Student: 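Shown below is the structure under consideration.
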Number of protein chains: 2
Amino acid sequence: MAKTAPSEAEPTWDLIELLFFAYRDFVSDPDHVLEALQFGRAHHRVLHFVNRNPGIKVADLLDILRITKQSLGRVLKQLLDQGYITQREGPRDRRQRLLYVTPKGQALAMRLARLQTDRIGRALADLEPGAHEAAHRFLAALIDPEARAGVLKLIAQADRASRADD
Amino acid sequence: MAKTAPSEAEPTWDLIELLFFAYRDFVSDPDHVLEALQFGRAHHRVLHFVNRNPGIKVADLLDILRITKQSLGRVLKQLLDQGYITQREGPRDRRQRLLYVTPKGQALAMRLARLQTDRIGRALADLEPGAHEAAHRFLAALIDPEARAGVLKLIAQADRASRADD
DNA sequence: AAAATATGTCAACATGGCTGACATAAATTT
DNA sequence: AAATTTATGTCAGCCATGTTGACATATTTT
């Protein structure tokens, strides 16, 4: 009498709610730092993906964030004006404005990533070996199938790009 | 030469970014349904936790959502007016307005939970046995330590409450 | 030369956070 | 019984960040 019916009748309440609570706390550490700088989560996202993908095109950033160029423009302008991000003309296509973090921008991006990494590290420290890979597979499997390959490629490519700077 | 330095020098880019993309897609299914009803994510959260915790006090709902009563009031009023949620006087303390979903509210809450459950189910179907438990442990471990016990208790209690209705 | 593309900008609007002030009813304390 | 505290609601306004639609400019492609 444990299972109510075939084909998984009962919603997966635990994971639904844990995703809510985990994500809430996961973004809270950066939020506090950003607040002191008069920035919000939107700035964080932009700074993060520019830091991870130096020279990214505006159009590609819009694809990743899935927001309109007007929404992006607002926060991007502030990051540019305050010297966290710079633009350079595309070498081949001079219409493009390729985005790069400045040293100041990189420092902030890394500081925020460090906070989230610390939280993840504390979480994994409590768990079995292989927990990192298990979490990776679960989260990747939650992504829309059409988007999944692109996301995984983006992550892998960004890793190569940043290691090339060492 | 694989690891750059001791004490985990490199940020956990993969999980940081996968949390962003996974959460984005995880909430997208309900978002589409809600849009047709002129509701937003805020309505979903309220409806979800009232459905899962019938008779919850307004104050407790505010604690869970971590928003102000003014923000809650706005969306709660719409859910009340449109017959998704009802209030009853607290039996002991008549100042309290205990919240319950109506049949209509339960139907919507379950429909949204079903969408998220389906996504989780498809994800877990691709993974090893035990992936559910691994995901549960990882997400729970991401929660602030001070909040973690309370969250796990909430989830377990709500499970008991809903099974009592069967 | 014309059309398409990459980007930026102006204006207006919606959602859902927030603060502060104040109101009411009921419970609790003195 | 009176005073205080608690649970909740409400009004008004502000802010961040999403949206649509229209239009401008520079550059590339056809």
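Protein chains get the first letters and strands the later ones, always in sequence-line order, with residue 1 at the start of each. It should be emphasised that the depicted structure is a prediction, and the values quoted were computed from it without experimental measurement.
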Student: Would a distance-only check, ignoring hydrogens and angles, find a side-chain to backbone donor-acceptor pair under 3.5 Å from A:Ser71 to A:Ile67?
Tutor: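 Pair absent, no side-chain N/O of A:Ser71 close to backbone of A:Ile67.
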Student: Mind calculating the distance between CG (B:Leu76) and C1' (C:dG17) to the nearest angstrom?
Tutor: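 After rounding, the gap between these two atoms is 16 Å.
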Student: Give the residues of residues 36-43 of chain B touching DNA chain C, defined as any heavy atom closer than 4.0 Å, sorted by residue number.
Tutor: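 By residue number: B:Gly40, B:Arg41, B:Ala42, B:His43.
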Student: Measure the distance from CG on A:Leu62 to P on C:dT5 and round it to the nearest whole Å.
Tutor: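 Those two atoms, CG and P, are 16 Å apart.
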Student: Under 3.5 Å, side chain of B:Arg114 to main-chain N/O of A:Ala9, donor-acceptor pair present?
Tutor: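 Yes.
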Student: Whole angstrom is fine here: how far is it from CG in B:Leu72 over to P in C:dC18?
Tutor: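 Going from B:Leu72 (CG) to C:dC18 (P), I get 11 Å.
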Student: Using whole Å, report how far CG of A:Leu80 lies from P of C:dT7.
Tutor: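 Taking CG of A:Leu80 and P of C:dT7, I get 13 Å after rounding.
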Student: Is the shortest side-chain N/O distance from A:Thr68 to OP1 or OP2 of D:dG18 below 4.0 Å?
Tutor: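 Checking D:dG18 against A:Thr68, no side-chain N or O comes under 4.0 Å of OP1 or OP2.
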Student: Please determine whether salt bridge (charged side-chain N to carboxylate O under 4.0 Å, His left out) holds for the pair B:Arg52 and B:Asp159, giving the CA-CA distance in whole Å, both sets of side-chain angles, and the decisive distance to 0.1 Å.
Tutor: CA-CA 8 Å; B:Arg52 281 275 288 165; B:Asp159 281 343; 2.7 Å; yes
Student: What is the distance from atom CG of A:Asp31 to atom CZ of A:Phe26, rounded to the nearest 0.5 Å?
Tutor: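 Nearest 0.5 Å value for the CG-CZ distance: 11.0 Å.
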Student: Taking atom P of C:dC13 as reference, at what distance in whole Å does atom CZ of A:Arg74 sit?
Tutor: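 Interatomic distance, CZ of A:Arg74 to P of C:dC13: 15 Å.
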Student: Does A:Thr102 offer a backbone N or O that forms a donor-acceptor pair with the side chain of A:Thr86 under 3.5 Å?
Tutor: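 Judged by distance alone, no pair lies under 3.5 Å.
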Student: Which part of the nucleic acid, if any, lies within contact of B:Gln78, taking any heavy atom under 4.0 Å across all strands shown: a base, the sugar-phosphate backbone alone, or nothing?
Tutor: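 Since no nucleic acid heavy atom lies under 4.0 Å of B:Gln78, the category is nothing.
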Student: Can you sort out the partners of B:Glu133 under salt bridge (charged side-chain N to carboxylate O under 4.0 Å, His left out), two or more places apart, ordered by chain and number?
Tutor: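 B:Glu133 satisfies salt bridge (charged side-chain N to carboxylate O under 4.0 Å, His left out) with no other residue.
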Student: Verify the contact: side-chain N or O of A:Arg24 to OP1 or OP2 of C:dG17, cut-off strictly under 4.0 Å; return yes or no.
Tutor: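 So the side-chain polar atoms of A:Arg24 never come under 4.0 Å of the phosphate oxygens OP1 or OP2 of C:dG17.
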Student: Starting at the 5' end of DNA chain D, which residue's closest nucleotide do you reach first, B:Gly73 or A:Arg66?
Tutor: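 Checking each residue's closest nucleotide, the 5'-ward one belongs to B:Gly73.
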Student: Please check this pair: side chain of A:Arg45 against backbone of A:Leu65, looking for a donor-acceptor N/O pair closer than 3.5 Å.
Tutor: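 Judged by distance alone, no pair lies under 3.5 Å.
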Student: Using atom CG of B:Leu65 as one end and atom P of C:dC18 as the other, report the distance to the nearest whole Å.
Tutor: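 Taking atom P of C:dC18 as the reference, CG of B:Leu65 is at 10 Å.
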Student: Where the side chain of A:His44 meets the backbone of A:Gly40, is there a donor-acceptor pair that is under 3.5 Å apart?
Tutor: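 Checked: no pair found.
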Student: Expressed in angstrom and rounded to an integer, what is the separation of B:Glu35 atom CD from C:dA14 atom P?
Tutor: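 In whole Å, C:dA14 P lies 14 Å from B:Glu35 CD.
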Student: Could you measure the distance from the CZ atom of B:Phe20 to the CD1 atom of A:Ile64? Nearest 0.5 Å is fine.
Tutor: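 One finds 8.5 Å between CZ of B:Phe20 and CD1 of A:Ile64.
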Student: For nucleotides 21-30 of chain D, give me one character per nucleotide, 5' to 3': B if any protein heavy atom sits under 4.0 Å from the base, S if the only such contacts are to the sugar-phosphate, - if neither.
Tutor: BB---BBS--
Student: Report the residue (A:Arg45 or B:Lys77) whose heavy-atom-nearest nucleotide on DNA chain D is the more 5′ of the two.
Tutor: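 Between the two, 5'-proximity favours B:Lys77.
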Student: Check the distance between C:dA26's C1' and B:Lys57's NZ and give it to me in whole angstrom.
Tutor: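 Those two atoms, NZ and C1', are 14 Å apart.
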